[in-house]
Amino acid sequence: MYKARHITDDIYYIGVNDRQKVLFENLIPLPHGVSYNSYLIMDEKTVLVDTVEVSFAEVFLDKLLSVLGDRHLDYLVINHMEPDHSGAIRAIRRMFPDIKIVGNARTFKMLDGFYGINDGLHEVKDGDKLVLGKHTLQFFLTPMIHWPETMMTYDINDKLLFTGDAFGAFGTLDGGVLDTDIETGNHLEESRRYFSNIAGKYGSAVQNALNKLKDIEIKTICPTHGPVWREKVNKIIEITDKLSRYEGERGVVIIYGSMYGNTEQMAEAIAYGLSEEGEKNITIYNVSKTDVSFILSDIFRYDRIVIGSPTYSNELFPEIASLLAKLETRDIKNRKFAYFGSSTWSNASIKLLAAFAERVKWDVVSLPIEIKQSLKEDKYEDCIALGRLLAKS
Ligand SMILES: Cc1cc2nc3c(=O)[nH]c(=O)nc-3n(C[C@H](O)[C@H](O)[C@H](O)COP(=O)(O)O)c2cc1C
């Protein structure tokens, strides 16, 4: 019944859309849903590349059988064992008991641990090839994008790379699958948020993978989430390269926590100073309102970061503390930084922000600004001056 999309003559898209999940990994909001991509190669040998989340197994198997018809499924290639891609493996094995499962040594340890599958395996090492008939697959081990077993599979014939989570994006595929058939503005934005929140911690691993792939010609990128990239292959590689090198574009992100508005007024004054000096790309985030995944995405994207926090029970404002903890685990480098804070009797937030700046080794461009009780004229002017300075930094 299903009409599967051709990616190339012999390669079909048979993934599914998830518009039910509210939080990816129970953490990250999915306002536009997410797709779990799976691909089928129909050659002398038939090959399934990755599967989908278990709750979609039924519709997934129907899609698979629609393309496969009465042919047997010879191989399942596992690029990534995370359950949103490996969830239907057991169902596939039950339906095709003779199928050969292709993965690396680390894949197979996880396959046994997750699903108790430890036979019918075809182990590959970095650079190994598998001939299917017209098509030959080559496997590249790309550990820590985003788990240790992750690998990529290159179709030498079609110059097409199955990349697992790399180059993925949040957002369902509403009709089109190839970027040539989609208005991809939102998916490109969501690819940044995806990278920042999922793989952002592993910048050097991503750089290693990009280096490993630099000599192969890639006409099509087939990730496990979001659009298949063809027209924008270079664009998506460039975005990933920049983010994984932590190279910030010109732009300022101001993040504040505030209960009664004083810290917020400081943020506004800093933005005023920035704007006065000609800075156009300024975003202010109230950390209690915007989900941290969006804020992280902008922190990955831009080169100047400003954070303000009230003192709260001798600590940072809790949502700011939570953001800083997330930033520290991601090890984002090369950011210019300024910070500010407010308190009523003892200013702990400034000291904690200073300690954070030291730990992450960001380049602090100015002394912090701190206020007590309310924002008065002199400190208001200091905030504006900080904005002007940041614009020139
Ligand atoms: C629950 C709570 C705890 C606070 N704890 C402290 C504190 O430990 N030390 C302090 O100097 N001020 C403390 N304050 C006062 C705030 O830090 C101060 O009023 C600040 O300017 C509030 O900033 P805002 O107007 O941006 O919310 C606390 C305020 C609240 C509501």
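When a ligand or atom number is given, it counts from 1 through the structure's own listing order.
Cation-pi geometry between K63 and Y2 is satisfied (NZ or CZ under 6.0 Å from the ring centre, within 45° of the ring normal). Both tests hold for R193 against F294: distance to the six-membered ring centre under 6.0 Å, angle to the ring axis within 45°.
A donor-acceptor contact under 3.5 angstrom links the side chains of D84 and H225, judged on distance only.
Residue N347 has no nitrogen or oxygen atom sitting less than 3.5 Å from a nitrogen or oxygen atom of ligand 1, judged on distance alone. Residue-to-ligand polar distances place N262 within reach of ligand 1: an N/O pair is separated by less than 3.5 Å. Looking at ligand 1, you'll find an N or O of G261 within less than 3.5 Å of one of its N or O atoms.
At the top of the distance list for atom 5 (N) of ligand 1, counting protein heavy atoms only, stands S313 N, 2.8 Å. When hydrogens are left out, the protein atom nearest atom 20 (C) of ligand 1 is S342 OG, 3.3 Å; that is the closest non-hydrogen contact. For atom 19 (O) of ligand 1, the nearest non-hydrogen atom of the protein is T344 OG1, 3.0 Å. In terms of protein heavy atoms, atom 1 (C) of ligand 1 is closest to Y312 CE1, 3.6 Å. Among protein heavy atoms, atom 7 (C) of ligand 1 sits closest to W345 CZ2, 3.3 Å. In this structure, atom 16 (C) of ligand 1 lies nearest to the protein heavy atom T311 O, 3.6 Å. Protein heavy atom closest to atom 29 (C) of ligand 1, with residue, atom name and distance, is M259 CE, 3.9 Å.
Every atom of ligand 1 with a heavy atom of S258 under 4.0 Å away is listed here by number and element: 24 (P), 26 (O), 27 (O). Heavy-atom proximity to N314, at under 4.0 Å, picks out these atoms of ligand 1: 7 (C), 8 (O). Proximity to S346 (heavy-atom distance under 4.0 Å) selects the following atoms of ligand 1: 9 (N), 10 (C), 11 (O).
Taking CD of E82 as the start and NE2 of H146 as the end, the distance is 4.5 Å to the nearest 0.5 Å.
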Item to complete: Verify side-chain contact (heavy atoms from CB on, under 4.5 Å) between E276 and R388, making sure each step is shown before the conclusion.
Response: CA-CA 7 Å; E276 225 185 17; R388 289 199 194 109; 2.9 Å; yes
Worksheet item: Between F24 and F170, is a ring-ring contact (aromatic ring centres under 6.0 Å, His included) present by the stated rule, with each step listed?
Response: CA-CA 9 Å; F24 191 75; F170 295 127; 5.2 Å; yes
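Between R93 and I117, the shortest heavy-atom distance links the atoms NH1-CG2, 3.4 Å. Among all heavy-atom pairs drawn from I254 and I282, the shortest one is CD1-CG2, 4.0 Å.
The side chain to side chain contact (heavy atoms under 4.5 Å, CB included) test with N197 is passed by exactly one of L27, L296, V292: L296.
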